[in-house]
Structure formats: structure tokens, C-alpha cells
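The structure appears right after this line, and notes come after that.
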4 protein chains.
Amino acid sequence: MFSLDRTNRAPIYEQIVQMIKKQVVAGILKPDDQVPSIREMAILLGVNPNTVSKAYQELERSEVLYTMKGKGAFIAETTGKTISEKARLAAVNQLKEAVVDLLIMGLSKEEIINRVEDIYKEGQI
Amino acid sequence: MFSLDRTNRAPIYEQIVQMIKKQVVAGILKPDDQVPSIREMAILLGVNPNTVSKAYQELERSEVLYTMKGKGAFIAETTGKTISEKARLAAVNQLKEAVVDLLIMGLSKEEIINRVEDIYKEGQI
Amino acid sequence: MFSLDRTNRAPIYEQIVQMIKKQVVAGILKPDDQVPSIREMAILLGVNPNTVSKAYQELERSEVLYTMKGKGAFIAETTGKTISEKARLAAVNQLKEAVVDLLIMGLSKEEIINRVEDIYKEGQI
Amino acid sequence: MFSLDRTNRAPIYEQIVQMIKKQVVAGILKPDDQVPSIREMAILLGVNPNTVSKAYQELERSEVLYTMKGKGAFIAETTGKTISEKARLAAVNQLKEAVVDLLIMGLSKEEIINRVEDIYKEGQI
DNA sequence: GTGGTCTAGACCACT
DNA sequence: GTGGTCTAGACCACG
């Protein structure tokens, strides 16, 4: 449930961010669920607490979780109403890059859309 | 047609890679078309030739370009048959990240698929 | 009338301090009015009595409240003559920070002053 | 021009953020001006480079500056058009806190507005 | 040279 | 116990 790919070039803290986001989308983590404390997660993943802290702060900025000092970190409501234009653009750009890469590899539009459907279904299990 | 976003966090050489790929997908650059030489491109973009060189090397590795010593660099056939499993996985993972981000921002599956269609259409103009 | 934002980064005891101050400025709480006891307030807000205690201590230090042993806590006269230079400077600094932030966001001097008027009016209702 | 108040309870990185913002508002730092590199600023202020880095990253998030890897950090255009609702609200709330504090200390609305004018004028010198 | 990430370990404030 | 800040020092990627 909590694991990292140390061979991945993506920064560890980004992997943690992504890991939590996936679990939220998959419904494994629901609003107001408590996530492991920074120290716990650091031990679970075998990384420095500072690294987990950075991930949690980024998640708080993107309003995926909220923290209460002295209490811990919790999943936020995913109303998704306060998305900044900047964040939306960043995500769409990443989508564009991935789609261009897959098109250039010879995948058809339909195959890519199927991939999207697959990712969506994973989240619905 | 050739432009960079210097404020973008993505490394410049990655932006060049992405720029060429987009033009291939859009059909602006076709197989065996010659791309500007490293020096020309460096002047066009106002960057260090080393940076362009790095981009072309990456494009060669992903078989988007081939170079002929003393001749220049040319667009490769996009057969798409020699895609390394590693590259494919990387692209699919990036797709997954983007989709997860958009889902968490409250977009529906349909909206995301529409985005993919849009990106595809852009390439067909 | 008594509510906290648990997701707010500001410490809860500071939020309590601010809450009381606002009600004094708004005239809801008048000199010699009794405020809820530490225990009552803790139950009202669903927080630890220690947290309320810390807030009341800070309010006593800034002479917004006075406590009578065995009686409870009461609103002090707001003569405003015994303001410590330190406290005044702190408030002016906070004002400066907020104004700088708003200016950098593109608000004009007039818009900021309008905001101040709004805050003042809220207190007069 | 660059100095900190180590007795201040505000985190050092926030003080750096505020310092830069003030200089932008005051027109001392103009769009595309380069700010001292992280290492330089760290030496100037006598703090750890990580602390400066954190400040610069926060400034980048609020679009006060932009960084170019390998080049340095530069003041961004202050178009102020992409302000997130969240950031605006945070600044207005800070304004409200400061105004309430000053009102409770006995300052009149006019005196507070005079303060705002003073802060504005400082920026225009 | 630049900024970005990570570790180890310290101290503080809040609950 | 919790998260937040700071330091010292390391290594990497970019230009």
C-alpha cells in the first residue's frame, strides 16, 4: 500500500504525493481519514521525515489533505472547486506531453483513450 | 514554431525534445525531413549548443531522429515497432499521473477524454 | 458566534484570542461582560481546556480580559492607554505585511482602504 | 538592504519572503531583476542556504519571482492577474486581524487608514 | 556557477 | 505524541 520506486528519477517527495493522490482517487483514502504521521510514514518508506514533510506540505497546498498541528494529517474534502488556473494548466500540459509521446510511439487515439478508461476503472475498484 | 518557456520548470532540453515530438505528431515534420542543425537551432532558440545537442541525443535514443555524420539530423520513420518497453511504461505512467491529477481536481472521465481528443485534433490540423 | 477553523494554520489558541477580540470590537462583548469559563468554552469549541487557558492568558496579557479568582473572566475596559509599544509595533507590522501582500496582488491603495472601511463597518453592526 | 530580525518569532524564511515582497512593492526590485543567488543570499543573511531556498520557492509559488535552473532567480512581472482566491483571502484575513488588533488598542479608523497611506507612501519613495 | 533533492539530527510550538 | 523550522553537509541536474 505504501511503497516507493527508488530507481525512479522522479523525486521521492513527488512519488509520495502521487501515491496519496492515487489512493484518494481510488477511494482507499476518504475525506477526514487520517494518513500516517510524518514520522510513521518516514519509517514505513525508509526515508527521512523531512522528505515526507515536504510531500505533505505539497499535498496541503493542492488541498488534497489538511494538517492539524499536534494532531496529524487528514484527507480533505475533494470539492475541487478552488482549483487554480495554474494547477489545471500544469496537469493538462502533462496530459498533452504523455499523449504526444504515446502518439509518436504509434498508439492510436482509441488506444490512448482506452488507457485513460483503464486508469479510471482502477480508481473505481 | 520554435519557442521556449524559460520560466518553465522543465529543463530546456526536454522542452526542445517535446517541441520536436509535437511537430512530428502534428505532421509538420515528416520522415526524412531535415531538422535544423545543432548550431542553427541553438541560434534560433538563443540557447547553448550543448543544450540542443542533449535534446537531439535524447530524440535519437527514442528513435524520433537519426543523424548522418556530416549531413545533419533527420526525422525517422515512426513505425513505432521498436518502442522499448521502458519508454512505453514511462509514457503510460505520465499519462496516469496526469489523469489522477485531473480526477482529483474534479474533472470527469468524459472531460478528460475530451481533452485527449482535443490534443489529438490539434495534431491533425 | 463561537467557531473555529481546524484546518487553519493559525494555532487554535490564537483563533480563540482573535474571536474574542473581534467580538469586543463589534460591541458584542462589552466591558465587565463575563465570558464563558475555560471549561465551558472548551466544551463549546470542542477543544482541550489547556488551549482555552492559553488563549485567556494571552488576552489577559494584552488587557482585553481580566480574571477574578473563583468568579470567572470578564471583558476589560478598552481604554487603550496601556498599550505596550511592543504590541503596537507587532500589530502595525502585521498591517504592513498584509498591505504589502495586497499591493503585490495588484490591489490599489483605494481598494485596500475600502477593505479597512468594510472591516470597520462589520464591527459597527 | 538585506537584513533579518532574529528576535522576531516569524520564521526566517517568511521574513525573507516579506523582505523581497517589500522591495518589489517599493520598486527597488523590478521585473526581470536578478535577486542574489541562494548561496549569496545565505551568506549575506548568515543563514543556511536551505532556508533561503524555501523562501525563494514560496516566492515562486506566489509568482513574485521565477527561477531558471543554472541561471538564478528573477523578479516576475507583477501582472497580478492569476491571484488565487485562497491567497487573496489569506491576505484579507491578515488585514482583518491587524485592523481588529489596532481598533482594540484604541486607534480610530482614520488613524488606521493613515497607517495604510504611510505604508503605501513608503513604497513610492 | 546555478537551483533541487535528500539525509541526519536538533529544537520549538501545539494539543 | 504531532507538525514546523533550521542547520550542516552531501550529491545531482542544468547551462
Side-chain angles (χ1 to χ4, degrees), chain A residues 4 6 8-16 34-42 45-60 65-74, chain B residues 4 6 8-16 42 45-55, chain C residues 4 6-16 42 45-55 58, chain D residues 4 6 8-16 34-42 45-60 65-74:
Chain A
L4 295 175
R6 301 304 290 253
N8 194 328
R9 305 162 47 221
I12 295 175
Y13 80 91
E14 275 293 357
Q15 291 186 46
I16 298 173
Q34 185 163 9
V35 296
S37 80
I38 288 179
R39 289 159 173 84
E40 278 171 11
M41 184 64 96
L45 299 176
V47 300
N48 189 290
N50 287 335
T51 307
V52 179
S53 175
K54 189 168 183 178
Y56 279 19
Q57 281 178 31
E58 185 160 322
L59 284 164
E60 190 167 8
L65 51 79
Y66 60 92
T67 61
M68 287 161 61
K69 263 194 213 161
K71 287 281 188 173
F74 305 82
Chain B
L4 297 174
R6 307 299 290 253
N8 194 327
R9 302 175 37 163
I12 292 179
Y13 83 91
E14 276 291 359
Q15 289 186 48
I16 298 173
L45 299 175
V47 300
N48 193 302
N50 291 335
T51 308
V52 180
S53 173
K54 190 164 185 178
Chain C
L4 297 174
R6 308 300 289 251
T7 74
N8 195 326
R9 301 174 37 166
I12 292 179
Y13 82 92
E14 275 290 359
Q15 290 186 47
I16 298 173
L45 299 174
V47 300
N48 192 302
N50 290 335
T51 307
V52 180
S53 172
K54 192 164 184 178
E58 185 161 321
Chain D
L4 295 174
R6 303 301 291 252
N8 194 328
R9 305 162 46 221
I12 295 175
Y13 80 91
E14 275 294 356
Q15 290 186 47
I16 298 173
Q34 185 162 8
V35 295
S37 78
I38 288 179
R39 289 160 172 84
E40 279 171 8
M41 184 64 96
L45 300 176
V47 300
N48 190 289
N50 287 335
T51 305
V52 179
S53 175
K54 189 168 185 178
Y56 279 19
Q57 281 177 32
E58 184 160 323
L59 285 164
E60 190 167 8
L65 51 79
Y66 61 91
T67 61
M68 289 163 60
K69 263 194 212 162
K71 289 280 188 174
F74 305 82

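Every value quoted in this text rests on a predicted model; they were computed, and no experiment measured them. Just so we're on the same page: letters track the sequence lines, and every chain starts at 1.
Residue A:S53 places no side-chain N or O under 4.0 Å from the OP1 or OP2 atom of F:dG3. For the pair D:Q57 and E:dG4, the criterion of a side-chain N or O lying under 4.0 Å from OP1 or OP2 is met. Side-chain nitrogen and oxygen atoms of A:T67 include at least one within less than 4.0 Å of the OP1 or OP2 phosphate oxygen of F:dG4.
Between the CD atom of A:Q15 and the P atom of E:dT5 there is a distance of 13 Å, rounded to whole Å. Here the P atom of nucleotide E:dC6 and the CG atom of A:N8 are 11 Å apart, to the nearest Å. In this structure, D:E58 atom CD and F:dC6 atom P are separated by 11 Å, rounded to whole Å. Taking atom CE of residue A:M68 and atom P of nucleotide F:dG3, one finds them 11 Å apart after rounding to whole Å. Regarding D:Y56, its OH atom lies at a distance of 11 Å from the C1' atom of E:dG3, rounded to whole Å. For B:L45 and F:dC14, the CG to C1' distance is 16 Å, given to the nearest whole Å. Look at CG on D:L65: it is 16 Å from P on E:dT2, rounded to the nearest Å.
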Open item on the list: Can you give me the dot-bracket string for DNA chain E, 5' to 3', counting Watson-Crick and G-U wobble pairs with both distances under 3.5 Å, using [ ] for crossing pairs and | for partners on another strand?
Closed with: ||||||||||||||.
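Distance check: D:Q15 CD to D:R9 CZ gives 11.5 Å after rounding to the nearest 0.5 Å.
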- [ ] Mark up nucleotides 8-15 of chain E, 5' to 3', with B wherever a protein heavy atom is under 4.0 angstrom from a base atom, S wherever such an atom reaches only the sugar-phosphate, and - elsewhere.
- [x] BB----BS
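Side-chain atoms of A:Q34 come within 3.5 Å of backbone N or O of A:K71 as a donor-acceptor pair. Between the side chain of D:E40 and the main chain of D:S37, a donor-acceptor pair closer than 3.5 Å is present.
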